[in-house]
Amino acid sequence: MKVTSNTSEFALITGASNGIGMALAHVMAQRGHNLLLVARSADKLQTLSKNLQAEHGINVHALALDLAVPGAAQTLYDHCHQQGLAIDILVNNAGFGD
Ligand SMILES: NC(=O)c1ccc[n+]([C@@H]2O[C@H](COP(=O)([O-])OP(=O)(O)OC[C@H]3O[C@@H](n4cnc5c(N)ncnc54)[C@H](OP(=O)(O)O)[C@@H]3O)[C@@H](O)[C@H]2O)c1
C-alpha cells in the first residue's frame, strides 16, 4: 500500500548505504515515505538518494555521519531540527553485517 507522507514527515534509516538498510530504503521509498538516510559513506548515500528521488518522487535527505562518534546523536538531532525534518519512523539498523 502506498502511503501519503506529510511533506515534513520522514523515515530515518541508519546504515542505509548498504545491505538491509539500503533494501529497506528501496521498499519504503516505493511505499511513498520521505527518507533521511544516514551512514558514513557520503558517495553511496548521494547516489542512492538521487536514484530514489528520481524513481519514486519522494523527498530524500542524506547525512554522512559516523554514529559511533561521541555526540553523533546530538548532531543528527540538530540536523533534523535545522532542516525541519519530523521523524515519524526510525529504522535503527546501522551496525556490522555478516
Ligand atoms: N546480515 C545479517 O545476517 C544480520 C543478522 C543479524 C543482525 N544484523 C544487523 O542488521 C544490521 C544491518 O546488517 P547488514 O547485513 O545490512 O550490514 P551491512 O551490509 O554491513 O551494512 C551496515 C550499514 O551500517 C552502516 N554503518 C556501519 N557502521 C556505521 C557507523 N559507525 N555509523 C554510521 N553508519 C554505519 C554502513 O554504512 P557505512 O559503512 O557507509 O557507514 C552500512 O550502511 C546490522 O546492525 C547488523 O548487525 C544483520
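A quick note: this is a predicted structure, and the numbers were derived from the prediction, not measured. Atoms within each ligand, like the ligands themselves, are counted from 1 in listed order. Values reported hereafter were calculated over all heavy atoms of this structure, with side chains retained and with hydrogens, waters and symmetry mates removed.
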Find all atoms of ligand 1 within a distance of less than 4.0 Å from any non-hydrogen atom belonging to [X], and give their numbers and elements.
X: A16; result: 43 (O)
X: F96; result: 44 (C), 46 (C), 47 (O)
X: S17; result: 36 (C), 37 (O), 38 (P), 40 (O), 42 (C), 43 (O)
X: A68; result: 31 (N)
X: G19; result: 16 (O), 19 (O)
X: D66; result: 30 (C), 31 (N), 32 (N)

Geometric N/O contact [X] with ligand 1, under 3.5 angstrom:
X: G21; answer: no
X: I20; answer: yes
X: A39; answer: no

Would L76 end up clustered with L90 when hydrophobic side chains under 4.5 Å apart are linked, directly or stepwise?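 Yes, L76 connects to L90 through the hydrophobic network.
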Y77 and L85: same hydrophobic cluster, using ILVMFWY side-chain contacts below 4.5 Å?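 No: no chain of side-chain contacts under 4.5 Å links Y77 to L85.
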Check the pair F10, H61 against ring-ring contact (aromatic ring centres under 6.0 Å, His included), reporting the backbone distance first and the verdict last. CA-CA 9 Å; F10 283 73; H61 283 238; 5.3 Å; yes
When you look for heavy atoms under 4.0 Å from ligand 1, do you find them on the side chain of T14, its backbone, both, or neither?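 For T14, there is no contact with ligand 1 at all, from either part.
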Taking heavy atoms and a distance under 4.0 Å, where does A72 meet ligand 1: side chain, backbone, both or neither?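 None of A72 does.
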Partner of V38 by side-chain contact (heavy atoms from CB on, under 4.5 Å), out of L65, V91, N93, D66: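 Between V38 and the candidates, side-chain contact (heavy atoms from CB on, under 4.5 Å) is satisfied uniquely by L65.
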Is it true that Q82 and D78 share a donor-acceptor pair across their side chains at a distance under 3.5 Å?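 The answer is no; no qualifying pair exists.
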Please determine whether any non-hydrogen atom of L65 lies less than 4.0 Å from an atom of ligand 1.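 Yes, L65 has a heavy atom closer than 4.0 Å to ligand 1.
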When you compare the side chain of L37 with that of V60, does any pair of heavy atoms fall below 4.5 Å?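 A side-chain contact under 4.5 Å exists here.
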One pair to check against side-chain contact (heavy atoms from CB on, under 4.5 Å): I87 and C80. What are the steps and the verdict? CA-CA 8 Å; I87 305 302; C80 293; 4.0 Å; yes
Distance-only, no hydrogens or angles: does the T14 side chain make a donor-acceptor pair with backbone N or O of A94 under 3.5 Å?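 Between the backbone of A94 and the side chain of T14 there is a qualifying donor-acceptor contact (under 3.5 Å).
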